[in-house]
Amino acid sequence: MRRVRTRFAPSPTGGLHLGGVRTALYSYLFAKHHGGDFVLRIEDTDRNRFVEGAEQYIVDCLNWCGIQADEGPHQPGPYAPYRQSERKDQYRQYAEELVKKGYAYYAFDTAEDLEQMREQYKSPGNPSPQYDRHTRKHMKNSLSATETQVKTWMDEGLPYVIRIKMPENETIIFEDMIRGEIHNESALVDDKVLLKADGMPTYHLAVVVDDYLMKITHAFRGEEWLPSAPVHIKLWEYLGWADHMPEWAHLPLILKPEGNGKLSKRDGDRLGFPVFAMDWKDPQSGELMTGFKEMGFLPEAFINMLAMLGWHSGEEQEIFTKEELIRKFSMERVHKGGARFDFEKAKWFNHEWIKHTDSSTLLPLVQPILEEKEIKEMNVDYLVQVISLVKDRCTLLNDFYTQSVFFFQSPTSLDLEAVQSKWNNEKANFFQVWSDELGQIQEWNAPAIENRFKELATIHQIKAGELQMPYRIMLVGGKYGPAVFLISEFIGVKNCQERIKHFLNVIGN
RNA sequence: GCCGCGUUGGUCAAUCGGUUAAGACGCCUCCCUUUCACGGAGGAAUGACGGGUUCGACUCCCGUACGUGGUACCA
């Protein structure tokens, strides 16, 4: 039994999409479940699409998610380098080998030639003709031209690519871990370019060569790769590596919540939720795309949510730690159909995680959020207690601000509407007295404060309940938050008195 | 157009021929709480369609429809 090795092979072209993270996650969970290795490989074979900083960003995202690679550009292992651009020299020999064996050929067509071909063979029945067994004999390549002609072109330095020569008439069958047997007719698959004119491999060649060289045993990727799988199958065969071919798993797509199509970068902005794991600022346009991290997600919740989007344990449990996911994950339980992304459910996962995470663990995450809003110099023990009091009310980490400001600062606005209709002189009177009374309380704790409050209400012949809302508005500013007497205890006498006074001033005029 | 893949409530989904077709999110009602949440109880809501196979089909097969992906010197 070979040691299980999976890889995540993104191309550094921009933000890391949620679907990408899920592919990485499943690969990681599978590898770890089987005690194997998870490899990060950067597929930067397209120099035109290279984006500065994107690689580091991908690494940062995976680290934030807790999906650590055992090998990668930053943790070189025995199969280094892990960037395809740095492996450039290796690919050519395999492409040439294929040409020698007759499984591939040189093609000298220019972009214009290709365009012309598509134009020429276009018909209503075939709107996009391919470079295949029909058309290749009319093109400028080593199959249609004589050996001497090809040599002349070579000597002239004409740019050329190497294309795979797909078999004429063969049913290509392979087993997908999720979908079972997949059949394809070779006649319908085109002669994909393997080596580009600039000497770089295309994905098709690179993925096969690198998976072989890196001893990958299980290859996970998005469903969008299914149509080109036959090319890869043939390549494994032609290169003589069929016995080492990894098992394939084509993961279902993550779809838009509404409408049709797969979830794209643009959808986030449009629908008000993130699509990227972390904030991504496009270096070209300067445009900033919000990430789940910055939106206030816990990484544990994020991967938990992604794991459940397409995989199911079969039990009723939905909240899983990474360790549990590793233990329970299996390909048999990965769903075949695409899943619509539901941000409401994503928030629910985060809420669950916030509720169940220790307040002291939350502390380092909450503190910066408050500090950013100018709440500084706070006592950490006090903050931890505040967090315990309000975390049930926080769906996103950023909610901690609204839910706990009033423990640190007087409310800047008061929801007077909440009290105005029932406000009267008697109540104003009550709070005048209450303010003084607060100073008399010996044991400063919530129960004591509450008792005194109720006693005083009785004396004033007002129902205590009717006084609690105004009191809440005084302390909090709005109709929310933990018990008022608890808040009173936390903020102390002086703050209570100040806030009462301020309220009375505001409502008085 | 052609090819691949898919299809259980609005969404995520369990079921691997025999169930009153789970559960979760969201929604609604009620309880708890004179706030907001949390928590608890309950409710509405599902097998795309048509043929087979079978004693029996959500489950197996075929067709149709629909969805989705691909059809680049991008991944």
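In what follows, every chain begins at residue 1, and chains take the letters A, B, ... in the order their sequences are listed.
Within residues 15-27 of chain A, no residue has any heavy atom closer than 4.0 Å to RNA chain B. For RNA chain B, none of the residues of residues 86-93 of chain A falls under the heavy-atom distance limit of 4.0 Å.
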Derivation and outcome, ring pair (Phe, Tyr, Trp, His ring centres under 6.0 Å), residues A/Trp153 and A/Tyr160: CA-CA 9 Å; A/Trp153 283 334; A/Tyr160 66 91; over 10 Å; no
Run the ring pair (Phe, Tyr, Trp, His ring centres under 6.0 Å) check on A/Phe292 and A/Phe276 step by step: do they pass? CA-CA 6 Å; A/Phe292 278 86; A/Phe276 292 154; 9.7 Å; no
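For the 3.5 Å distance criterion, the side chains of A/Asp191 and A/Tyr105 qualify, holding a donor opposite an acceptor. No hydrogens or angles considered: nothing links the side chains of A/Ser123 and A/Asn126 as a donor-acceptor pair under 3.5 Å. Looking at A/Asp399 and A/Thr402, their side chains never bring a donor and an acceptor atom within 3.5 Å of each other. Side-chain atoms of A/Arg221 and A/His250 include a donor-acceptor pair closer than 3.5 Å. Neither side chain, A/Tyr480 nor A/Asp415, offers a donor N or O lying under 3.5 Å from an acceptor on the other. No donor-acceptor contact under 3.5 angstrom links the side chains of A/Thr6 and A/Ser27, judged on distance only. Remark: the A/Tyr91 side chain and the A/Thr45 side chain contain no N/O donor-acceptor pair separated by less than 3.5 Å. With no hydrogens or angles considered, no side-chain donor-acceptor pair links A/Asp210 and A/Tyr82 at under 3.5 Å.
Within the nucleic acid shown, A/Lys347 has no heavy atom closer than 4.0 Å to any nucleic acid atom. No engagement by A/Arg221 is indicated, since no non-hydrogen atom pair under 4.0 Å with the nucleic acid exists.
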Mind listing the N/O atom pairs, protein and nucleotides 72-75 of chain B, below 3.5 Å?
from   : atom 1 : to       : atom 2 : distance (Å)
B/rC73 : OP2    : A/Arg163 : NH2    : 3.1
B/rC73 : O2     : A/Ala197 : N      : 2.8
B/rC73 : N4     : A/Asp109 : O      : 2.8
B/rC74 : OP2    : A/Lys196 : NZ     : 3.1
B/rC74 : O2'    : A/Asp46  : OD2    : 3.3
B/rC74 : O2'    : A/Arg49  : NE     : 3.1
B/rC74 : O2'    : A/Arg49  : NH2    : 3.2
B/rA75 : OP1    : A/Thr45  : OG1    : 2.8
B/rA75 : OP1    : A/Lys196 : NZ     : 2.7
B/rA75 : OP2    : A/Tyr203 : N      : 3.4
B/rA75 : O3'    : A/Glu43  : OE1    : 3.4
B/rA75 : O2'    : A/Ser11  : OG     : 3.1

Show the distances under 3.5 angstrom between N or O atoms of the protein and N or O atoms of nucleotides 39-42 of chain B.
from   : atom 1 : to       : atom 2 : distance (Å)
B/rG39 : OP1    : A/Lys355 : NZ     : 3.0

Which atoms of nucleotides 5-7 of chain B (N or O only) lie under 3.5 Å from a protein N or O atom, and what are those distances?
from  : atom 1 : to       : atom 2 : distance (Å)
B/rC5 : O2'    : A/Arg179 : NH1    : 2.4
B/rC5 : O2'    : A/Glu223 : OE2    : 3.2

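Rounded to a whole angstrom, the distance from the P atom of B/rU64 to that of B/rC5 is 15 Å. Taking atom C1' in both B/rA22 and B/rU46, the straight-line distance is 12 Å, to the nearest Å. The P atoms of B/rG67 and B/rA45 are separated by 27 Å, rounded to the nearest whole Å. Taking atom P on both nucleotides, B/rG9 is separated from B/rA48 by 7 Å, rounded to a whole Å. Taking the C1' atom of each, B/rU11 and B/rA44 are spaced 16 Å apart, rounded to whole Å. When the C1' atom is used for both B/rG70 and B/rG23, the distance is 36 Å, rounded to whole Å. Nucleotides B/rU8 and B/rC16 place their C1' atoms 14 Å apart, quoted to the nearest Å. Rounded to a whole angstrom, the distance from the P atom of B/rU71 to that of B/rU54 is 44 Å.
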Can you give one letter per nucleotide of nucleotides 27-35 of chain B, going 5' to 3': B for a protein heavy atom under 4.0 Å from the base, S for sugar-phosphate only, - for none? -------BB
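The aromatic rings of A/Phe343 and A/Phe341 lie tilted to each other, with the angle between the two planes from 30° to 60°. Classification of the A/Phe430-A/His460 ring pair by plane angle, with boundaries at 30° and 60°, yields perpendicular. Under the 30°/60° scheme for interplanar angles, the aromatic rings of A/Phe431 and A/Trp423 are found to lie parallel. Ring pair A/His204/A/Trp225 is perpendicular by interplanar angle, where above 60° counts as perpendicular and below 30° as parallel.
For A/His351, whose side chain is taken as the heavy atoms from C-beta onward, the closest listed nucleotide among B/rA37, B/rC12, B/rG70 is B/rA37. Closest approach to the A/His312 side chain among B/rC38, B/rC3, B/rA22 is made by B/rA22 (side chain taken as heavy atoms from C-beta onward).
Remark on RNA chain B: of its neighbouring residues A/Arg333 and A/Leu255, the 5'-side contact belongs to A/Arg333, judged by nearest-heavy-atom nucleotide. Residues A/Asn126 and A/Glu315 each lie close to RNA chain B; by heavy-atom proximity, the contact nearer the 5' end of the strand is made by A/Asn126.
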Symbol by symbol from the 5' end, with Watson-Crick or G-U pairs under 3.5 Å, [ ] crossing and | another strand, RNA chain B is (((((((..(((.....[....))).(((((.......)))))....(((((..]....))))))))))))....
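Legend: residues meeting salt bridge (charged side-chain N to carboxylate O under 4.0 Å, His left out) with A/Glu300, ordered by chain and number and at least two apart, are absent. Every residue meeting the ring-ring contact (aromatic ring centres under 6.0 Å, His included) condition with A/Tyr26, not counting sequence neighbours, appears here in chain and number order: A/Phe329. A search for side chain to side chain donor-acceptor pair (under 3.5 Å) contacts involving A/Glu455 returns nothing, not counting sequence neighbours. Applying the salt bridge (charged side-chain N to carboxylate O under 4.0 Å, His left out) rule to A/Asp198 yields the partners A/Arg47; only residues at least two apart in sequence or on another chain are considered. Residues meeting the salt bridge (charged side-chain N to carboxylate O under 4.0 Å, His left out) test with A/Lys347, sequence neighbours left out: A/Glu344.
In this entry the distance linking CD1 of A/Ile473 with C1' of B/rC36 reads 11 Å, nearest Å. With rounding to whole Å, A/His232 atom NE2 is found 14 Å from B/rG70 atom P. Across the protein-nucleic acid pair, A/Ile254 atom CD1 and B/rU11 atom P stand 16 Å apart, rounded to whole Å. One interatomic measurement links the two molecules: CG of A/Asp399 to C1' of B/rC36, which rounds to 12 Å at whole-angstrom precision. Atom CE in A/Met305 sits about 14 Å away from atom P in B/rG26, given to the nearest Å.
For CD of A/Glu52, the number of neighbouring non-hydrogen atoms (other residues, nucleotides, ligands) closer than 6.0 Å is 12 at most. Within a 6.0 Å radius of CD in A/Gln284, no more than 12 heavy atoms belonging to other residues, nucleotides or ligands are found. Environment of NZ in A/Lys355: crowded, with over 12 heavy atoms of neighbouring residues, nucleotides or ligands closer than 6.0 Å.
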